[in-house]
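Everything on this sheet refers to the single structure shown next.
The structure displayed is predicted, hence computed values, not measured ones.
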Amino acid sequence: MSNNVNDWLNDHGDYLYRFALARLKDTHQAEDAVQETMLAAIKNNSFEGDSSIRTWLTGILKHKIIDMQRKLIREQPVSDIIDLDASDESMDDFFDKTGHWLDKPQSFDMPDHALEQSQFLSVLDACMQKLPKKLKVIFMLRDVHEMENENICKELDITPTNAWVMLYRARMGLRKCLEMNWVKG
Amino acid sequence: MLTCKQASQLISQSLDHPLSWYELMQLRLHLMMCGACNRFRKQLNVLRVGLRKIRANVENDSAIQLPLDAKARIVEKVRSDQHAK
């Protein structure tokens, strides 16, 4: 059986590792995710001929990545990762009392030019890392792992209203951070 | 009439679930007249495209490989797991 694992890793290991790294952004976690995928693949060899091995393994990996997020969430006090007070008032930094923008959003575009684009993306990445922890968890689940809202609410045990308020605040902060830090060359 | 604050909330929500017909109409009406909220909507789109791009860049970077020692560890782990049974 471990011959299988050898073959899988030779043929798809790099791909799976990159897939995991793109989402987990941590080499150790990415390695763990690939390992969990191999263990699961060997255990319930549910591969069916109508998909490619890579597709099958990637499907398992996706689940493992979500599992890891889930575990991460469970290991922390809820009050650390969820802002249950998230309310309308917390947006007072962005709007005046009559609901008008205090600072009107500026236009920014993703640059076409390769070098500029990679600079833009690293600013975006840095801004994301700077998100408050309470917003980062849910933002990552939704906009990086692209989990469905419904599942996010189940995982975090929050209401849809909580979820959208937190996502809104995270996006609001992120685009503000980009506005302030992205200076076109 | 929606305020900019309300409009921006609907714009964000529209990324997560379909808006109701009424919400959509109100939002469209607001966007027809408000440049700031249009730019906000575009900003959120750029965020989304940017995040996908960051992911794709890692996924397609053939210089990133599963390190050999990691591979060896995984093979060893699978082997010892099977012997444990």
Side-chain angles (χ1 to χ4, degrees), chain A residues 1-2 4-6 9-10 13-19 21-23 25 27 30-31 34-35 38-39 42-43 88 91 94-96 98-101 104-110 117-118 120-122 124-125 128 142-144 148-150 160 163-165 167-169 171-172 174-175 178-179, chain B residues 1-18 30 34-83 85:
Chain A
M1 273 309 246
S2 46
N4 270 348
V5 170
N6 244 323
L9 288 178
N10 283 335
D14 292 341
Y15 173 82
L16 294 171
Y17 181 67
R18 287 197 291 265
F19 186 95
L21 193 60
R23 288 159 178 78
K25 298 177 187 294
T27 53
E31 180 187 330
V34 175
Q35 176 173 301
M38 292 298 132
L39 288 170
I42 278 284
K43 213 169 281 171
D88 244 23
M91 298 311 293
F94 294 102
F95 298 95
D96 68 18
T98 59
H100 288 94
W101 291 98
K104 290 196 169 145
Q106 305 299 308
S107 57
F108 57 68
D109 248 319
M110 190 149 82
Q117 189 181 89
S118 81
F120 178 83
L121 294 178
S122 54
L124 171 56
D125 210 25
M128 196 162 54
R142 178 71 193 120
D143 284 5
V144 176
E148 291 298 325
N149 244 23
E150 207 182 315
W164 83 249
V165 174
L167 286 169
Y168 174 62
R169 293 179 55 197
R171 291 168 184 150
M172 203 66 164
L174 209 53
R175 61 107 209 153
L178 262 172
E179 257 184 17
Chain B
M1 268 303 290
L2 293 181
T3 63
C4 290
K5 184 173 172 177
Q6 292 166 325
S8 69
Q9 290 169 343
L10 288 181
I11 290 168
S12 175
Q13 286 180 54
S14 72
L15 299 176
D16 303 315
H17 59 82
H30 184 94
C34 179
C37 285
N38 268 300
R39 287 195 296 280
F40 174 74
R41 182 166 71 159
K42 207 162 161 229
Q43 287 181 333
L44 293 198
N45 282 335
V46 172
L47 283 186
R48 202 152 242 215
V49 174
L51 290 171
R52 293 209 174 123
K53 188 88 195 156
I54 290 175
R55 252 176 13 210
N57 284 348
V58 177
E59 281 175 18
N60 299 326
D61 185 350
S62 55
I64 302 174
Q65 297 176 344
L66 180 64
L68 285 177
D69 54 332
K71 203 178 127 185
R73 276 196 295 274
I74 294 173
V75 171
E76 188 45 46
K77 170 77 179 158
V78 172
R79 188 169 299 148
S80 69
D81 242 51
Q82 290 196 312
H83 280 296
K85 268 176 238 151

### Query
If you count heavy-atom pairs under 4.5 Å between each of B:Q43, B:E59, B:R39, B:K77 and chain A, which one has the most?
B:Q43
### Query
Is it the side chain or the backbone of A:E150 that comes within 4.5 Å of chain B heavy atoms, both, or neither?
neither
### Task
Please look at A:E148 and chain B and tell me whether the side chain, the backbone, both or neither of the residue comes under 4.5 angstrom of a heavy atom of that chain.
neither
### Task
Assess whether atom CZ of A:R175 is packed by more than 12 heavy atoms of other residues, nucleotides or ligands within 6.0 Å.
yes
### Task
Counting only heavy atoms closer than 4.5 Å, note whether A:L178 contacts chain B via side chain, backbone, both or neither.
side chain
### Query
Got a sec: does the NE2 of B:H17 have more than 12 other heavy atoms crowding it under 6.0 Å?
yes
### Query
Is the shortest side-chain N to carboxylate O distance from B:E76 to B:R73 below 4.0 Å?
no
### Task
Could you have a look at B:N57, B:T3, B:D16, B:N38 and say which one has the most heavy-atom pairs with chain A under 4.5 angstrom?
B:D16
### Query
Stepwise, does the side chain to side chain contact (heavy atoms under 4.5 Å, CB included) test hold for B:K71 with A:N10?
CA-CA 9 Å; B:K71 203 178 127 185; A:N10 283 335; 2.2 Å; yes
### Task
Provide the full list of ring-ring contact (aromatic ring centres under 6.0 Å, His included) pairs with a residue in residues 36-74 of chain B, sequence neighbours left out, each pair given once.
A:W101-B:F40
### Query
Given a strict heavy-atom distance threshold of 4.5 Å, which part of A:F120 is in contact with chain B: side chain, backbone, both, or neither?
side chain
### Task
Between chain A and each of B:C37, B:A7, B:G35, count heavy-atom pairs under 4.5 Å; write down the option with the most.
B:C37
### Query
Where on B:L15 is there a heavy atom nearer than 4.5 Å to chain A: the side chain, the backbone, both, or neither?
both
### Proximal component of B:K42, with respect to chain A [non-hydrogen, under 4.5 Å]
side chain
## Note on the structure
Max heavy-atom pairs within cutoff under 4.5 Å with chain B, candidates A:M110, A:R171, A:K104, goes to A:R171
Side-chain donor-acceptor distances from residues 44-56 of chain B under 3.5 Å, at least two apart:
{"from": "B:R48", "atom 1": "NH2", "to": "A:D143", "atom 2": "OD1", "distance (Å)": "3.2"}
{"from": "B:R52", "atom 1": "NE", "to": "A:E146", "atom 2": "OE2", "distance (Å)": "2.8"}
{"from": "B:R52", "atom 1": "NH2", "to": "A:E146", "atom 2": "OE2", "distance (Å)": "3.1"}
{"from": "B:R55", "atom 1": "NH1", "to": "A:V144", "atom 2": "O", "distance (Å)": "2.6"}

### Task
For A:R18 and B:D61, work out which heavy atoms get closest and say how close.
CD-O, 3.0 Å
### Message
By the definition side-chain contact (heavy atoms from CB on, under 4.5 Å), identify the one residue from A:V5, A:L39, A:I42 that meets it with B:Q82.
### Response
A:I42
#### Entry: Segment of A:T98 engaging chain B (4.5 angstrom heavy-atom cut-off)
backbone
